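Here is the structure we will look at.
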Amino acid sequence: MRRNQVAVVGAAETTELGVIPNMSQIQLHADAALNAIADAGLKLSDIDGFATAVETPQQMAHYLGITPTWVDGTSVGGCSFMLHVRHAAAAIEAGLCKTVLITHAESGKSMIGKQPRFTAPDSLNGQFEAPFGVYGPPSMFPIPVLRYMKTHGITHEQLAMVAVVQREWAAKNPRATMKDPITVADVLNSRMIAYPFRLLQCCLVTDGGGALILTSADRAKDFPRKPVYILGTGESVETPMVSQMKTFDSSRAFKVAGPLAFKEAGITHKDVDHLMIYDAFAHLPLYGLGDLGFMPHEETGKFIADGNTRPGGKLPLNTNGGGLSYMHSGMYGMYALQESVRQMRGIAPAQVPNAKISVCHGVGGMFAASGTIIFTNER
Amino acid sequence: MAEPARAKPKPTPETQHFWDGTKAGELRLQRCDACANIYFPPRPFCPSCASRKVSVFKASGKGKLYSYVINHRPAAPGFTPPYAIAVVELDEGPRMMSNIIDCPQTPEALELDMPLEVAFEALDDKITLPLFRPAKG
């Protein structure tokens, strides 16, 4: 895909984030969509391309009252929205549509109008994982981490520092769910969830949503907001079974998606001003730093523990507070994208001064899938 | 009211040989006749070279502890926390999820790379699960 041919011209989250007991999941989608439409200065009737995940495109298109000519229902977990951005950019460049709306929302906490997860007993997961007591992401996502720690020499204290540093970012963000400072001791004394991870190393469970609007870069200059260009993109999938990842000391999906995006963008790691790495659990930023090629995996824990990713550090990471402290409705990728767009617009609560390139890396379905989007505010 | 039971696998045509094996006290894997790749979970073709010429064979049942979590909450139906959810690397190469029995469910007792051997636990007259215990000697 060619660089900077497509731009984000509308971006918004739901009016409220956190606990939203007065809205169903589809209404949260609509709330985010209407906010993004207003942000872009558009009408819903201007939308001719539509993408969403979990909820079907037909469900949401009907609810919103739109008639798209291009549809993407890719639903590969929390990074689905990175894939939507990539697919939408390709579709706009190919002339399949002009103005794409991407929505995400989940009633993750209040569970209003949200279908419960179900693993069919005759699926591969149902036969070869469920019988051994996996029960939701906290019991599955951290399964590789002890091997990662042993292979790369990562310590429990370093993994605790991931949560500590992200809380520092969250303290600067009025919309963050958790803002009070925490220490390594607080993390290591918090309630055990699934050893080696404790409560403060696991994502929040909240309600909310977000929406993006993309159009061609040539049209983008006519919109009210500063355009945020798509500089590079990548995606891949590996396996829905965490036990069947090729290796636990790295993510194959990360190692495909990340480098693809960097190559497409034509940038090096030194060019990155701002970084988002989807952090459903505390080990993910380490996998991301290593697999995206910022440094060898052996150095990731020390890099974070030494403060390089905290406010004022040389590589600002998860500047909204992340899934650990900002919010996490179940599929966090949309919120990571929203923060990258805010940083590129220069309006983030914890704005990185003069940031020109933002890398936004997502993971989905445990390590099943991955998507990377690189944004820039310069064309 | 009956205690909630652990999730029970339901075999498909492609996986039936595996579950027939565990019921007979055998851990069965598949090997590609074309490229010799040994793989899991079951399927009637090789995921490495796409050959449909594959054979089922009885694995040694030996392996080592590759990684695990000790789950505290939420616990799956049929499990009493804390319990370890492990991934075992079989001597033949493939890895599979399982539980570790006859062993304290603690980080001290569960050492990565410790040798393990398969044990079979019948859930009912159709389904027997492959579990693992620390290898003897």
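No hydrogens, no waters, no symmetry mates; every other heavy atom, side chains included, goes into these values. Since the model is a prediction, treat every value here as computed from it, not as a measurement. The chains referred to below are lettered A, B, ... by the order of the sequence lines, with proteins before strands, and numbering in each begins at 1.
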Q | Pairwise side-chain contact, A:M192 with B:I70, heavy-atom cut-off 4.5 Å (strictly under) | A | no
Q. Could you give the distance from CD (A:Q127) to CE (B:M97), rounded to the nearest 0.5 Å?
A. 14.0 Å
Q: Under 4.5 Å heavy-atom distance to chain A, tell me which part of B:R6 shows up: side chain, backbone, both or neither.
A: side chain
**Q.** A:T247 portion near chain B, given a 4.5 angstrom heavy-atom threshold
**A.** both
Q. Can you find a pair of side-chain heavy atoms, one from A:Y195 and one from B:P107, that are under 4.5 Å apart?
A. yes
Q: Sort B:P130 into side chain, backbone, both or neither according to what part of it lies under 4.5 angstrom from a heavy atom of chain A.
A: both
Q: Give a yes or no on this: more than 12 heavy atoms of other residues, nucleotides or ligands lie within 6.0 Å of atom CD of B:E111.
A: no
Q. Can you find a heavy atom in the side chain of A:F141 that is under 4.5 Å from one in the side chain of B:V69?
A. no
**Q.** Least distance between heavy atoms, B:A7 atom then A:A130 atom
**A.** CB-O, 3.7 Å
(Q) Let's test your reading of the structure: which of B:Y68, B:F79, B:Y66, B:Y83 forms the most heavy-atom pairs below 4.5 Å with chain A? (A) B:Y66
Q. Considering only heavy atoms, which portion of B:V87 lies under 4.5 Å from any heavy atom of chain A: side chain, backbone, both, or neither?
A. side chain
Q) Around atom NZ of B:K10, are there more than 12 heavy atoms of other residues, nucleotides or ligands at under 6.0 Å? A) no
**Q.** Near-ring test B:F18/A:F128, centroid separation under 6.0 angstrom
**A.** yes
(Q) Please report the interatomic distance CZ(B:R73) to OG(A:S139), rounded to the nearest 0.5 Å. (A) 13.0 Å
**Q.** Option in B:G78, B:A86, B:A75 with maximal non-hydrogen atom pairs under 4.5 Å from chain A
**A.** B:A75
Q) Which region of B:L123, side chain (C-beta onward) or backbone (N, CA, C, O), has a non-hydrogen atom less than 4.5 Å from a non-hydrogen atom of chain A, or is it both or neither? A) neither
Q: Quick one: pull up CG in A:L146 and OG in B:S67 and give me the separation to the nearest 0.5 Å.
A: 5.0 Å
Q.
Measuring from atom CD1 of B:I85 to atom CZ of A:F132, what distance do you get when rounded to the nearest 0.5 angstrom?
A. 10.5 Å
**Q.** Residue part contacting chain A, namely of B:L112, when any heavy atom lies under 4.5 Å
**A.** both
(Q) Out of A:V242, A:V145, A:V134, return the one with the most heavy atom pairs under 4.5 angstrom to chain B. (A) A:V134
Q) Any donor and acceptor pair, going by atom type alone, linking the side chain of A:D122 with main-chain N or O of B:T12 inside 3.5 Å? A) no
Q: Sort A:P144 into side chain, backbone, both or neither according to what part of it lies under 4.5 angstrom from a heavy atom of chain B.
A: backbone
Q: Sort out for me which of A:M140, A:M241, A:R191 touches chain B most, counting heavy-atom pairs under 4.5 Å.
A: A:R191
Q) For A:K109, does the NZ atom have more than 12 heavy-atom neighbours from other residues, nucleotides or ligands under 6.0 Å away? A) no
**Q.** Spacing of A:L124 atom CG and B:R43 atom CZ [to the nearest 0.5 Å]
**A.** 7.5 Å
Q: Tell me, out of A:P131, A:G126, A:A194, who's got the most heavy-atom pairs with chain B below 4.5 Å.
A: A:P131
Q: Could you grab the distance from atom CD of A:E129 to atom CE of B:M96, nearest 0.5 Å is fine?
A: 10.5 Å
Q. Going by heavy atoms in the side chains, are B:D113 and A:R147 under 4.5 Å from each other?
A. yes
